[in-house]
Amino acid sequence: MAARLRAAGFSDKDIFVGGPNSRKGNLVATLHGSGKRKPLLLLAHLDVVEALPEDWTIDPFKFQEIDGYYYARGSSDDKAMGAIFVANLIRYKQERFVPDRDLIVALTADEEGGDSNGVDWLLKNHKALIDAEYALNEGGGGTERDGKKIRNNVQLSEKVFQSFKLEVKNKGGHSSQPRKDNAIYQLAAALTNLSKFDFPVNLNEGTRAFFYRSSKIETGQLAEDMKAILQTPPNPEAVARLSQFPNFNATMRTTCVATMLSGGHAENALPQTATATINCRILPGEDPETIKTMLIQAINDSQISVTPVKMANPSPASPINPEVFKKIDVVTQQLFPDVPVVPVMSTGATDGRYLRTANIPTYGVSGIFGDVNDVRAHGRDERIKVKSFYDGQEFLYRLVKELSTSTSVKRND
Ligand SMILES: [Zn+2]
């Protein structure tokens with residue numbers, strides 16, 4: 001990428017390549033603007049999820065075009081956006097476009113895992129290189145169903161990943177002489193209590209906008225319920241019906257669910273230990289300590305210890321920036337007429353959390369559409385439609401230009 005940028009006329013001082021070691025490189029390239037406004041950061045990660053060739057029908061690490069799709073590990077997550085941002089930066093340079101702010105492209109390491117996260121590293125070591133008014137990132141994108149474009153998603157926030165370990169101890173003994181106190185029964189009762197518990201509904205600016213805009217796409221009872229939960233207080237029957245959809249339930253509230261279980265040490269012994277892993281996905285803005293307290297109340301057994309598995313890395317939600325949303329609406333209508341823009345909260349995580357924590361609001365948006373029933377990121381035979389790739393390139397080309405041209409910007413409308 002650095003070589004291509006140099007060949008397009010970017011000078012060495014505007015291309016930074018570095019990282020904690022040679023295998024964990026990050027690239028930051030800047031197209032200088034007039035400096036009227038704080039820079040715009042365009043972020044994509046270079047690393048990919050592991051892929052075992054024997055699991056795939058084709059070589060996961062060989063880029064191929066087959067029947068209108070680009071196939072390869074990373075083709076959709078997230079090399080498409082990285083390629084698009086660099087190609088568009090070169091296109092602006094060739095046009096001699098002078099944005100009203102610096103446009104910064106950052107391609108980074110270890111989003112999917114590993115201990116050399118590039119965004120974290122850049123923020124700690126070279127903050128000035130990527131400091132921006134706000135950033136565009138993965139995490140959004142368009143949804144298609146049966147070839148029809150349904151919505152263009154903009155990710156505003158992410159839930160926070162936090163697991164807890166429940167543990168109960170017992171003195172144990174010979175299983176030929178059982179007693180009523182039993183570590184496995186005790187843990188099972190606590191888990192049954194948890195299974196009946198729901199965290200309170202807590203909508204924020206972004207998830208309210210999600211349900212409001214979704215209510216215009218859906219019809220019938222579902223659309224009515226989406227409107228009814230926006231009342232204060234939310235309509236309880238509507239909450240109950242929407243809670244039956246896992247994705248809407250996870251959008252309305254923090255969730256904690258049992259994911260792993262172990263106990264006992266021998267077939268013929270009373271268990272001395274039983275443990276369970278509870279995986280929570282905490283709403284942005286809610287305190288993990290408060291969630292732990294509520295979890296302890298829900299399981300309702302003071303003999304069971306509750307400890308965090310790893311410290312959570314909470315990040316705030318990005319505000320609905322009117323300029324950003326206006327421009328996303330405008331470009332969406334130009335390229336995909338009548339497709340609504342819908343703000344979303346991801347139940348998974350991206351590197352946006354590091355930026356949001358560093359006061360750089362981050363918007364997950366790409367204009368790259370994929371079928372809702374054909375999501376292959378992190379899975380086998382990952383692919384992206386060739387047409388979707390080039391549509392996304394044009395979408396981001398126009399959007400970034402709109403966001404860096406003062407004359408076309410009216411604040412607060
Ligand atoms: Zn990704």
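Read the numbers this way: they start at 1 and go in the same order the structure lists the ligands and their atoms. Counting begins at 1 with the first residue of the sequence.
Checking Asp78 against the Zn ion (ligand 1), every N/O/S atom stays at or beyond the 2.8 Å cut-off. Among the atoms of Glu112, none of the N, O or S atoms falls under 2.8 Å from the Zn ion (ligand 1).
Between Arg376 and Asp374, at least one side-chain nitrogen of the basic residue sits less than 4.0 Å from a carboxylate oxygen of the acidic one, meeting the salt-bridge criterion.
When distances from the Zn ion (ligand 1) to the N, O or S atoms of Glu138 are compared, OE1 comes out shortest. Distances from the Zn ion (ligand 1) to the N/O/S atoms of His45 are shortest for NE2. The minimum distance between the Zn ion (ligand 1) and any N, O or S atom of Asp77 involves atom OD1.
Of the candidates Asp198, Asp225, Asn249, Val201, Val239 forms a side chain to side chain contact (heavy atoms under 4.5 Å, CB included) with just one, namely Val201.
Among all heavy-atom pairs drawn from Asn204 and Pro284, the shortest one is ND2-CG, 4.1 Å.
Asn117 and Glu111 form no side-chain donor-acceptor contact under 3.5 Å, judged by distance and modelled atom types alone.
The closest side-chain heavy-atom distance from Ile368 to Ile84 is below 4.5 Å.
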